[in-house]
Amino acid sequence: MPTTVNAYIATAADRPLEPTTIERRDLGPNDVEIAIAYAGICHSDIHTARNEWNGTTFPVVPGHEIAGTVSAVGEGVTRYAVGDRVGVGCFVDSCRECEPCRLGEEQYCERGNTGTYNAVGRDGQRTHGGYSTSIVVDENYVCRIPEGIALDVAAPLLCAGITLYSPLRHWEAGPGKKVAIVGLGGLGHVGVKIAHALGAEVTVLSQSLKKMEDGLRLGADHYYATSDPQTFRELRGRFDLILNTVSANLDIGKYLGMLALDGTLVELGLPEHPIEVPAGALIGKRRSFSGSMIGGIAQTQEMLDFCAEHGIGAEIEVISADKINEAYDRVVASDVRYRFVIDTATL
Ligand SMILES: [Zn+2]
Ligand SMILES: [Zn+2]
């Protein structure tokens, strides 16, 4: 028998989210049932709930930054036991057969990964996310949250954390490397912490100097305002890696100009309009312009272990469920330092 659980649901793009109940599937042999303790609010949740990407099938329960404890396991489960601290990120399944899946890059599954919400699972049922008291997920798509991190500050690591960790590792951020993070928000602030812990020299490029004190406290070595034209002149040819967490359309040529020889600029957000790249900014210093999307399950586990080892969690504001709609407006207004996390006990 499916289990009925409490949740917060979006029923239409122009309506606030509201409390409801949903059903979770029966526990399959490889499934774990997770009692969700905290769910982070990611900007993607808002884009989906408000149908800003035009791909939402209503109703939908958002939430793909999930942290909790295992409350039941299927008979074939080997990795987890009741009581284990676990997390679930942006997807809950993939084909498991294609090249990316075999390489542990399930996020790039050729048949498409199964989103944690607003998707259809292999059982034919629509998936619903973490704004709920419980979720059932195949154990292969669940990660362990080490004892070293509290569940509330761990939740945002499942999307924001891995979104930054994966490109930092792929482009080998570490000692001797100069890394810039564009935007000090939900994504960027975790990126600063991780890049610093990896040993890189970290620069924040923010619109203004308003959050400079925070940035330096979180581990940045330098902090510049992109509203100041002098910044782009001063930092010309400086960085090995620039991670852009800002979804607005930036003047990419100016940012490419801050890359050193063989440097790479990586897009992590989804700007509304196509990006114009001046070729001259690339060929002059063999620069690259790339993109990256979350990370695979094995790397997400590696990220959680790394964060536990270095005492890294997200900077959060815990809210009760009845504040979700207000929190959405505040995220859109950049009025949060730096991630809202829902206490699911209030659902
Ligand atoms: Zn997200
Ligand atoms: Zn696949």
Side-chain angles (χ1 to χ4, degrees), residues 8 10 17 36 38-53 55-56 60-67 87-122 127-132 135 137-138 140-141 143 153-167 183 185-191 194 243-247 267-271 291-300 303-304 313-316 324 327-328 331-332 334 336 338-342:
Y8 244 66
L17 278 74
I36 301 172
Y38 298 99
I41 293 180
C42 172
H43 210 138
S44 303
D45 300 351
I46 302 172
H47 288 305
T48 302
R50 297 181 173 176
N51 199 17
E52 289 164 351
W53 288 334
T56 308
V60 62
V61 174
H64 60 205
E65 296 183 336
I66 299 169
V88 175
C90 299
F91 58 94
V92 289
D93 208 347
S94 65
C95 86
R96 310 177 194 213
E97 288 165 355
C98 70
E99 184 79 4
C101 278
R102 285 205 310 271
L103 290 169
E105 305 272 16
E106 303 92 345
Q107 73 277 29
Y108 302 124
C109 175
E110 284 168 10
R111 297 180 181 94
N113 68 58
T114 303
T116 302
Y117 59 78
N118 194 37
V120 177
R122 54 174 46 188
T127 59
H128 283 303
Y131 298 5
S132 62
I135 190 169
V137 181
D138 184 301
N140 294 297
Y141 295 82
C143 292
V153 301
L157 298 178
L158 275 303
C159 173
I162 188 61
T163 297
L164 275 292
Y165 183 83
S166 188
L187 294 178
H189 90 282
V190 188
I194 294 173
L243 301 182
N244 180 21
T245 72
V246 175
S247 300
E267 285 287 312
L268 302 178
L270 277 178
S292 178
M293 182 180 78
I294 46 178
I297 296 296
Q299 194 174 50
T300 303
M303 177 274 305
L304 288 167
E315 306 286 304
I316 59 165
I324 290 173
Y328 272 26
V331 170
V332 172
S334 296
V336 52
Y338 283 88
R339 205 61 149 178
F340 286 114
V341 171
I342 303 161

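Whatever order the structure lists them in is the order used to number ligands and atoms, beginning at 1.
- Of all heavy-atom pairs spanning Arg96 and Asn140, the tightest one is NH1-ND2, 3.5 Å.
- Geometry at the Zn ion (ligand 2): SG/Cys95 and SG/Cys98 form an angle of 100°, nearest 10 degrees.
- Seen from the Zn ion (ligand 1), atom SG on Cys159 and atom SG on Cys42 lie at an angle near 130° (rounded to 10 degrees).
- Backbone or side-chain N, O or S atoms of Cys90 do not reach the Zn ion (ligand 1) at under 2.8 Å.
- Residue His43 does not count as close to the Zn ion (ligand 1), with no N, O or S atom under 2.8 Å.
- Side-chain polar atoms of Tyr328 and Asp45 form no donor-acceptor pair below 3.5 angstrom.
- Taking the six-membered ring where tryptophan is involved, the planes of His189 and Tyr338 are essentially parallel, since the angle between them stays under 30° and well short of 60°.
- Between the side chains of Ser94 and Asn113, no donor N or O sits under 3.5 Å from an acceptor N or O.
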